[in-house]
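Mind having a look at this structure? Questions to follow.
When a residue number appears, it is its place in the shown sequence, counting from 1.
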Amino acid sequence: QVQLVESGGGLVQPGGSLSLSCAASGRSFSDHVMSWIRQESGKGRDFVASISWNGAHTYYADGVKGRFTISRDNSKNTVYLQMNDLKPEDTAVYYCAAPESEAMGNIFAPNEYYYWGQGTQVTVAS
């Protein structure tokens, strides 16, 4: 059974930092794009960041560029999201996601992803 398990969410003040992890099990994703997607309460899912299979290429939503960093460790089948200078508008449930195969279409489209974690809540408030 394939599982993606996120951890590291929580409550943080504006300007603070959090580090999210996503550990995969059940299969290797070392040849897959891996991404973080978030969903604000009552809204649809939005692309946050993506990383290529070897970590050579990363992509970010405009609103998080310069503040968030995605990385991966294929030896641990794990992807990370370092979030700095957090803002109240970053409040959301953050999901780790992976496509069904290594050949993926639009990495920015949440509906292109096949495997999803259960999500971890990030709340930015004073």
Side-chain angles (χ1 to χ4, degrees):
Q1 180 182 1
V2 177
Q3 282 191 311
L4 301 177
V5 179
E6 301 98 337
S7 61
L11 172 64
V12 64
Q13 292 186 342
S17 298
L18 280 176
S19 182
L20 305 184
S21 298
C22 170
S25 62
R27 65 163 294 172
S28 172
F29 288 96
S30 62
D31 55 356
H32 283 54
V33 165
M34 296 291 291
S35 299
W36 289 93
I37 308 289
R38 69 187 180 187
Q39 186 171 22
E40 296 177 57
S41 180
K43 297 185 179 180
R45 294 183 176 183
D46 294 320
F47 172 83
V48 175
S50 185
I51 188 166
S52 61
W53 68 274
N54 61 357
H57 303 284
T58 56
Y59 307 89
Y60 298 93
D62 287 343
V64 307
K65 282 180 183 176
R67 300 188 297 120
F68 290 11
T69 302
I70 188 171
S71 61
R72 67 190 298 163
D73 184 341
N74 285 341
S75 69
K76 297 180 179 179
N77 220 16
T78 299
V79 64
Y80 307 94
L81 186 68
Q82 177 64 40
M83 305 185 293
N84 298 328
D85 190 23
L86 282 160
K87 305 176 186 298
E89 52 263 41
D90 295 318
T91 295
V93 177
Y94 282 71
Y95 297 92
C96 174
E100 187 173 15
S101 73
E102 61 270 23
M104 185 177 182
N106 184 358
I107 65 169
F108 303 105
N111 62 4
E112 291 279 338
Y113 292 88
Y114 183 79
Y115 297 105
W116 291 83
Q118 82 288 352
T120 185
Q121 176 71 46
V122 171
T123 302
V124 185
S126 53

Requested in this report: Examine distances only and state if a side-chain atom of Tyr95 and a backbone atom of Ser35 form a donor-acceptor pair shorter than 3.5 Å.
Outcome: no
Query raised in the report: Is Gln118 reaching over with its side chain to a backbone N or O of Val5, donor-acceptor style, under 3.5 angstrom?
Result: no
Query - From OG1 (Thr69) to OH (Tyr80), nearest 0.5 Å - result: 14.0 Å
Query - Residue list, salt bridge (charged side-chain N to carboxylate O under 4.0 Å, His left out) with Lys76, at least two apart or on another chain - result: none
Requested in this report: Keeping to residues at least two apart or across chains, list the disulfide (SG to SG under 2.5 Å) pairs with something in residues 89-126.
Outcome: Cys22-Cys96
Query - Pairs meeting criterion salt bridge (Lys or Arg N to Asp or Glu O under 4.0 Å) with involvement of residues 93-114, two or more places apart - result: none
Requested in this report: Mind checking ring pair (Phe, Tyr, Trp, His ring centres under 6.0 Å) for Phe108 and listing every partner two or more places apart, or none if nothing turns up?
Outcome: Phe47
Report task. Return the set of residues passing side-chain contact (heavy atoms from CB on, under 4.5 Å) with Ser30 (not counting sequence neighbours), or none when no residue passes. Result -> Ser28, Asn74
Requested in this report: Take Asp85 and Lys87 through the test side chain to side chain contact (heavy atoms under 4.5 Å, CB included) and record every step on the way to the result.
Outcome: CA-CA 7 Å; Asp85 190 23; Lys87 305 176 186 298; 3.7 Å; yes
**Report entry** Exercise: identify the closest heavy-atom pair between Gly117 and Glu6
**Finding:** CA-OE2, 3.2 Å
Requested in this report: Name all pairs fulfilling the disulfide (SG to SG under 2.5 Å) condition that reach into residues 43-84, sequence neighbours left out, sorted by first residue then second.
Outcome: none
**Report entry** side-chain contact (heavy atoms from CB on, under 4.5 Å) against Ala56, all qualifying residues, sequence neighbours excluded
**Finding:** Ser52, Asn54
Query - Test side-chain contact (heavy atoms from CB on, under 4.5 Å) applied to Ser41 - qualifying residues, sequence neighbours left out - result: none
Query raised in the report: Other than Tyr60, which residues form its hydrophobic cluster under the rule that side-chain heavy atoms must be closer than 4.5 Å?
Result: Val2, Leu4, Val12, Leu18, Leu20, Phe29, Met34, Trp36, Val48, Ile51, Val64, Phe68, Ile70, Val79, Leu81, Met83, Leu86, Tyr94, Tyr114, Tyr115, Val122, Val124
Report task. Among residues two or more places apart or on two chains, list those pairs meeting salt bridge (Lys or Arg N to Asp or Glu O under 4.0 Å) that have a residue in residues 35-49. Result -> Arg38-Asp90, Glu40-Lys43
Query raised in the report: Can you name the closest pair of heavy atoms from Asn77 and Ser25 and give their distance?
Result: ND2-N, 4.3 Å
Query raised in the report: Which disulfide (SG to SG under 2.5 Å) pairs, counting each pair once, include a residue from residues 33-84, with sequence neighbours left out?
Result: none
Requested in this report: Please indicate whether Trp53 has more than 12 foreign heavy atoms, meaning atoms of other residues, nucleotides or ligands, lying under 6.0 Å from its CH2.
Outcome: no
Query raised in the report: Where is the tightest heavy-atom contact between Ile37 and Tyr113, given as atom of each residue plus distance?
Result: CD1-CE1, 4.2 Å
Query raised in the report: Any salt bridge (Lys or Arg N to Asp or Glu O under 4.0 Å) pairs touching residues 51-62, not counting sequence neighbours?
Result: Asp62-Lys65
